[in-house]
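See below for the structure under consideration.
Note that these values count all heavy atoms, side chains included, but never hydrogens, waters or copies made by symmetry.
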Amino acid sequence: MSRGAVIVTGASRGIGEAIARDLAAAGWPLVLVARNREKLDALAAELGGPERCLACPGDIGSWDDAQRVAAVTQETFGTIDGLVNNAGITRDGLLVRMSPEQWQAPLDVNLNGTFYFTRAVGAIMMRQRQGRIVNITSVIGLTGNAGQANYAASKAGIIGLTKSVAKELGGRGVTCNALAPGYIATDMTADLPEKVRHDMLERIPLKRFGEPRDIAGVVRFLLSPEAAYITGQVLVVDGGMIG
Ligand code: NAI
């Protein structure tokens, strides 16, 4: 079976980089998106060069960049089999001290970015009558969290978007699911105070923080033939943390 490409956003580090490495090892042609051109070029070269893995620097919070990435992917690889909306940011702070700009930033990147890419790529997948969309949300989008009202709102929004897209595009053979990681050891979580990390570990039945590869394997599954009948779901991958 010849494969179309999978677009992975936020692929320059952390969970996105692990997803890219895992999917490349599984034979998927890839298009990698992030703002850091140097890191992206180096990773794309390592994962097979322009024939197998294309670096496409861009800002996911930009409608124009989403359109450009979708067009370049289609021109280069013909078919787009998958879209992994992974890029995301946090701007933590207590609600009563949160500025409108601080509120807006995660919504612009996490929620709008997921919409822009889903809109651009989803239209192509509908015409192809096949495609898989995987949106990386967070357990925080399900539970909420003190100090993360902006991030939680953006991630809960992604869940609503996912379920709606699943309903709209299902008839055209396109699935859309969300994956909700718990605590994963990456740059995003590296700066949390020791006490917060300790308390969190206490609440994880599997007694370890997640690794980016724990998420990558589930993304690969959601892109596989075995996941063909799964859509509109939120898969929680958190070591049992939220129960
Ligand atoms: P990270 O901070 O290590 O990496 C984020 C990636 O997104 C980077 O490649 C960065 O360049 C990219 N990015 C950020 N803003 C961008 C923009 N405007 N345009 C293009 N690329 C942009 O974060 P991590 O931990 O790898 O997180 C990946 C995803 O997983 C995020 O959506 C995050 O919210 C989610 N997540 C992470 C958890 C964790 O514990 N690390 C837990 C739950 C969800």
Side-chain angles (χ1 to χ4, degrees), residues 9-19 33-36 39 57-66 84-119 134-165 178-205 207-212 214-215 234-243:
T9 70
S12 64
R13 66 183 202 191
I15 293 171
E17 179 182 346
I19 292 169
V33 185
R35 285 166 307 179
N36 187 327
K39 279 179 100 172
D59 180 351
I60 68 150
S62 153
W63 167 248
D64 290 346
D65 283 5
V84 185
N85 284 307
N86 163 78
I89 60 166
T90 51
R91 290 290 181 270
D92 296 354
L94 294 173
L95 183 83
V96 291
R97 293 197 200 130
M98 192 175 283
S99 68
E101 294 73 24
Q102 193 179 359
W103 164 259
Q104 194 62 43
L107 288 161
D108 284 344
V109 175
N110 305 352
L111 183 56
N112 291 356
T114 301
F115 163 68
Y116 295 150
F117 273 74
T118 302
R119 167 73 173 77
V134 180
N135 295 327
I136 306 297
T137 175
S138 167
V139 290
I140 302 302
L142 293 165
T143 64
N145 196 23
Q148 291 197 304
N150 50 359
Y151 181 74
S154 74
K155 293 299 190 178
I158 288 174
I159 292 171
L161 171 65
T162 301
K163 288 176 178 288
S164 304
V165 171
L179 196 165
Y183 182 108
I184 309 298
T186 67
D187 290 348
M188 187 179 265
T189 45
D191 293 340
L192 289 177
E194 196 45 45
K195 165 127 182 46
V196 174
R197 291 159 62 91
H198 177 268
D199 290 352
M200 219 175 273
L201 197 53
E202 291 283 294
R203 289 169 28 224
I204 301 174
K207 293 296 166 214
R208 67 171 176 89
F209 296 130
E211 297 289 334
D214 292 317
I215 304 303
V234 183
L235 258 83
V236 175
V237 183
D238 70 343
M241 186 165 73
I242 67 167

Measuring from atom CG of Leu111 to atom CD1 of Ile159, what distance do you get when rounded to the nearest 0.5 angstrom? 11.0 Å

Indicate the atoms forming the closest heavy-atom contact of Ile204 with Asp238, along with that distance. CG2-O, 4.0 Å

Under the salt bridge (charged side-chain N to carboxylate O under 4.0 Å, His left out) test, which residues partner Arg203, sequence neighbours left out? none

So, the side chain of Asn86 versus the backbone of Thr9: is there a donor-acceptor pair under 3.5 Å, distance only? yes

Measure across Ala149 and Trp103 and return the closest heavy-atom pair with its distance rounded to 0.1 Å. O-CZ3, 3.7 Å

Nearest heavy-atom pair of Gly58 and Val33: which atoms, and what distance? O-CG1, 4.0 Å

Residues which pass side-chain hydrogen bond (donor to acceptor under 3.5 Å, both in side chains) with Lys195, listed by chain and number, not counting sequence neighbours: Asp199

Nearest heavy-atom neighbours spanning Ala180 and Ser138: CB-C, 3.7 Å

For the backbone of Ile158 and the side chain of Lys163, can you confirm whether one donor and one acceptor N or O come within less than 3.5 Å of each other? no

Just wondering, do Val196 and Met200 contact through their side chains at under 4.5 Å, heavy atoms? yes

Asp214 side-chain N/O to Glu211 backbone N/O, donor-acceptor pair under 3.5 Å: yes

Do any N or O atoms from the side chain of Thr189 and from the backbone of Ile184 form a donor-acceptor pair under 3.5 angstrom? yes

Residues in side-chain hydrogen bond (donor to acceptor under 3.5 Å, both in side chains) with Asn110, at least two apart? Ser154

Would you say Tyr116 and Ile60 make side-chain contact, with heavy atoms under 4.5 Å? no

So, using side-chain hydrogen bond (donor to acceptor under 3.5 Å, both in side chains) as the criterion, who are the partners of Asp59 when residues are at least two apart? none

Looking only at heavy atoms, what is the nearest atom pair of Gln102 and Asn150, with distance? O-ND2, 3.0 Å

Throw together a table of side-chain donor-acceptor distances under 3.5 angstrom for residues 89-97, partners on residues two or more places apart or in other chains.
from	atom 1	to	atom 2	distance (Å)
Asp92	OD1	Gln148	NE2	3.1
Asp92	OD2	Gln148	NE2	3.4

Test of understanding: with ring pair (Phe, Tyr, Trp, His ring centres under 6.0 Å), list the residues that count as partners of Phe115, not counting sequence neighbours. none

Asn135: which residues meet the side-chain hydrogen bond (donor to acceptor under 3.5 Å, both in side chains) condition with it, sequence neighbours left out? Asn85, Thr162

Donor-acceptor pairs under 3.5 Å, side chain of residues 12-19 to any protein atom, not counting sequence neighbours: which ones?
from	atom 1	to	atom 2	distance (Å)
Glu17	OE2	Arg21	NE	3.0
Glu17	OE2	Arg21	NH2	3.0

Going by side chain to side chain contact (heavy atoms under 4.5 Å, CB included), name the residues that satisfy it together with Ser164, two or more places apart in sequence or in a different chain. none

Determine the minimum heavy-atom distance between Leu192 and Tyr183, stating which atoms define it. CD1-CE1, 3.5 Å

Is it true that a side-chain atom of Lys155 and a backbone atom of Ile136 form a donor plus acceptor pair closer than 3.5 Å? yes

Residue set satisfying salt bridge (charged side-chain N to carboxylate O under 4.0 Å, His left out) with Glu101, at least two apart, ordered chain then number -> none

Report the residues that fulfil salt bridge (charged side-chain N to carboxylate O under 4.0 Å, His left out) with Arg119, sequence neighbours left out, ordered by chain and then residue number. none

